[in-house]
Amino acid sequence: MESVIKARERLAKYPVIFAKCSKQSLLYARCVLLKEESLKKDDCAKEFQEFNACLQSAAKSLKTRI
C-alpha cells in the first residue's frame with residue numbers, strides 16, 4: 001500500500017514538472033506539427049532531447065522522478 005501512496009504523490013507533481021518545461025514542450029510540439037505530413041524518426045530529436053532534459057531537471061529539483 002505504501003508504494004501506491006508514493007506513486008500518487010509522484011503523479012501529483014507531474015503538472016508542476018510539465019509547467020516548468022512549457023517552453024521546451026512548445027518547441028517540440030511545434031517541430032512535430034510542422035513536419036506532420038513527412039515526420040521521420042529523429043526529425044525533432046534535438047527538441048525532444050531538450051524537453052526530456054528539462055523534465056529530468058525539473059523532477060530532480062522537486063526531489064522526485066518521472
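Below, each value reflects all heavy atoms present in this structure, side chains not excepted, and no hydrogens, waters or symmetry copies.
- Ring pair Phe18/Phe51 is tilted by interplanar angle, where 30° to 60° counts as tilted.
- Here the straight-line distance linking atom CD1 of Ile17 with atom OG of Ser57 works out to 10.5 Å at 0.5 Å rounding.
- The list of salt bridge (Lys or Arg N to Asp or Glu O under 4.0 Å) pairs with a residue in residues 24-50, not counting sequence neighbours, is empty.
- At a threshold of 4.5 Å between side-chain heavy atoms, the hydrophobic network of Ile, Leu, Val, Met, Phe, Trp and Tyr places Leu62 and Tyr14 in one connected group.
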- For Leu39 and Cys44, what are the C-alpha separation, side-chain angles and deciding distance, and is it a side-chain contact (heavy atoms from CB on, under 4.5 Å)? CA-CA 9 Å; Leu39 187 65; Cys44 299; 4.2 Å; yes

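- Side-chain N or O atoms of Ser25 include one that pairs as donor or acceptor with a backbone N or O of Ser22 at under 3.5 Å.
- Between Leu55 and Cys21, the shortest heavy-atom distance links the atoms N-SG, 3.5 Å.
- Closest of all the heavy-atom pairs between Ser61 and Ala58 is OG-O, 2.8 Å.
- Note on Leu11 and Val4: separate hydrophobic clusters, where clusters join Ile, Leu, Val, Met, Phe, Trp and Tyr whose side-chain heavy atoms are under 4.5 Å apart, directly or indirectly.
- The list of salt bridge (Lys or Arg N to Asp or Glu O under 4.0 Å) pairs with a residue in residues 3-12, not counting sequence neighbours, reads Glu2-Lys6.
- Hydrophobic clustering places Ile66 together with Val16 (ILVMFWY residues linked when any side-chain heavy atoms are closer than 4.5 Å, directly or through intermediates).
- Lys63 and Lys13 make their closest contact through O-NZ, 4.4 Å (heavy atoms, listed as atom of the first residue, atom of the second, distance).
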